Asks: 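Mind having a look at this structure? Questions to follow.
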Amino acid sequence: MTRPTLSSDTIADQIVEEETSSNLVGVIETVISSLDSDNTAMVNRGESGHLWKFKYGTIEVFVQLTGETDEDALTVWSAVLKLPAKDEPKLMRQLLERNWSNTLESRFGIVNDEVVVVTTRSLADLSPSEISRAITIVATIADESDEPLQAEFGM
């Protein structure tokens with residue numbers, strides 16, 4: 001039986017990939033632990049990447065890392081209002097106006113009949129500070145938005 005041979009380039013590539021992956025995961029987990037004062041964080045690791053969930057104030061935040069290559073993505077989101085809602089035209093206008101002026105790199109969107117705050121970014125050249133900023137922005141904007149939106153537009 002012959003063993004496959006590995007070149008030093010292949011080994012170096014594997015080490016770099018492992019360090020990059022564990023570094024991204026480590027940064028994400030550090031940011032989450034700094035925001036999750038109630039120790040509610042959970043993680044699901046699978047073939048499709050990592051998915052974390054934690055509570056921040058009155059909302060739940062989800063962080064998804066789809067893989068480890070430059071083409072993969074970091075997505076952070078949090079639901080702030082269930083739909084249908086009262087006066088949806090007014091709600092949509094308010095959300096669009098806030099998307100222009102108040103959401104920084106995140107934005108409001110709709111998924112599964114819920115208004116969410118979301119940001120997504122490819123992993124290409126992603127820095128630890130960008131990871132921290134993405135998670136913090138979504139958590140903060142969602143936590144500041146959920147109760148006022150629910151009070152004004154909730155059913």
Side-chain angles (χ1 to χ4, degrees), residues 4-83 91-92 94-150 153:
T5 58
L6 294 174
S7 72
S8 61
D9 289 341
T10 305
I11 293 169
D13 290 345
Q14 288 176 346
I15 291 170
V16 169
E17 283 179 22
E18 289 171 8
E19 287 178 357
T20 302
S21 171
S22 63
N23 186 37
L24 290 174
V25 169
V27 169
I28 291 167
E29 290 182 346
T30 299
V31 172
I32 289 172
S33 69
S34 74
L35 295 173
D36 180 25
S37 61
D38 295 335
N39 295 320
T40 61
M42 296 187 294
V43 62
N44 181 10
R45 294 174 177 90
E47 289 182 19
S48 61
H50 294 73
L51 178 64
W52 291 265
K53 177 176 88 168
F54 69 98
K55 191 158 176 64
Y56 181 78
T58 57
I59 49 96
E60 285 187 329
V61 180
F62 295 87
V63 180
Q64 181 179 30
L65 184 62
T66 60
E68 304 168 2
T69 69
D70 283 354
E71 291 78 32
D72 286 308
L74 171 72
T75 303
V76 184
W77 74 95
S78 180
V80 294
L81 178 67
K82 291 194 180 299
L83 296 174
L91 169 65
M92 296 306 141
Q94 187 179 116
L95 295 177
L96 285 172
E97 288 172 349
R98 290 176 71 181
N99 275 349
W100 171 253
S101 63
N102 297 6
T103 56
L104 304 168
E105 292 86 28
S106 69
R107 63 198 177 280
F108 286 96
I110 297 174
V111 65
N112 297 330
D113 289 325
E114 291 184 308
V115 174
V116 296
V117 178
V118 62
T119 191
T120 191
R121 164 88 159 68
S122 73
L123 299 186
D125 301 319
L126 182 66
S127 72
S129 63
E130 289 173 302
I131 294 170
S132 177
R133 183 171 170 86
I135 297 169
T136 303
I137 285 173
V138 168
T140 302
I141 291 174
D143 188 49
E144 291 173 353
S145 301
D146 67 324
E147 291 173 315
L149 288 173
Q150 290 167 15
F153 299 105

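The structure displayed is predicted, hence computed values, not measured ones.
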Asks: Ion pair present between K53 and E60, side-chain N to carboxylate O less than 4.0 angstrom?
Replies: yes

Asks: Does a side-chain heavy-atom distance below 4.5 Å link M92 with I110?
Replies: yes

Asks: If I take atom OG from residue S132 and atom CG from residue L35, how far apart are they, to the nearest 0.5 angstrom?
Replies: 7.0 Å

Asks: Are I131 and L126 packed together at the side-chain level, in the sense that at least one heavy-atom pair is separated by less than 4.5 angstrom?
Replies: yes

Asks: In Å, rounded to the nearest 0.5 Å, how long is the span from CD1 of I135 to OG of S34?
Replies: 8.5 Å

Asks: Are the side chains of I32 and V63 in touch, meaning some heavy atoms are under 4.5 Å apart?
Replies: yes

Asks: At what distance, to the nearest 0.5 angstrom, does CG of N102 lie from CD of Q94?
Replies: 9.5 Å

Asks: Enumerate the residue pairs fulfilling ring pair (Phe, Tyr, Trp, His ring centres under 6.0 Å) with a member in residues 57-77, sequence neighbours excluded, ordered by first and then second residue.
Replies: F62-W77

Asks: With a 4.5 Å cut-off on side-chain heavy atoms, are F108 and V117 touching?
Replies: yes

Asks: Check the pair S122, D70 against side chain to side chain donor-acceptor pair (under 3.5 Å), reporting the backbone distance first and the verdict last.
Replies: CA-CA 6 Å; S122 73; D70 283 354; over 6 Å; no

Asks: Run the salt bridge (Lys or Arg N to Asp or Glu O under 4.0 Å) test against E144 and tell me which residues pass, sequence neighbours left out.
Replies: none

Asks: According to salt bridge (charged side-chain N to carboxylate O under 4.0 Å, His left out), does anything in residues 97-111 pair up with another residue at least two apart or in another chain? List the pairs.
Replies: R93-E97, E105-R133

Asks: Working to the nearest 0.5 Å, report the span between OG1 of T30 and CG of N23.
Replies: 9.0 Å

Asks: Is there side-chain contact between L91 and L83, with heavy atoms separated by less than 4.5 Å?
Replies: yes

Asks: Atom CZ of F54 and atom OG1 of T40: how far apart are they, to the nearest 0.5 Å?
Replies: 7.5 Å

Asks: Out of T120, T119, T140, which one pairs with S106 under the side chain to side chain contact (heavy atoms under 4.5 Å, CB included) rule?
Replies: T119

Asks: Report yes if the side chains of T75 and V118 come closer than 4.5 Å at any heavy-atom pair, otherwise no.
Replies: yes

Asks: Kindly determine whether D113 and K82 satisfy side chain to side chain contact (heavy atoms under 4.5 Å, CB included), including the steps that lead there.
Replies: CA-CA 6 Å; D113 289 325; K82 291 194 180 299; over 6 Å; no

Asks: Do you know the tightest heavy-atom contact between T58 and E147?
Replies: CG2-OE2, 3.6 Å

Asks: How long is the gap from CD on Q64 to CD1 on I28, to the nearest 0.5 Å?
Replies: 10.5 Å

Asks: Would you say the side chain of L65 lies within less than 4.5 Å of the side chain of L24, judging by non-hydrogen atoms?
Replies: yes

Asks: Side chain to side chain donor-acceptor pair (under 3.5 Å), that's the test. Do D72 and T69 meet it? Break it down for me.
Replies: CA-CA 5 Å; D72 286 308; T69 69; 2.9 Å; yes

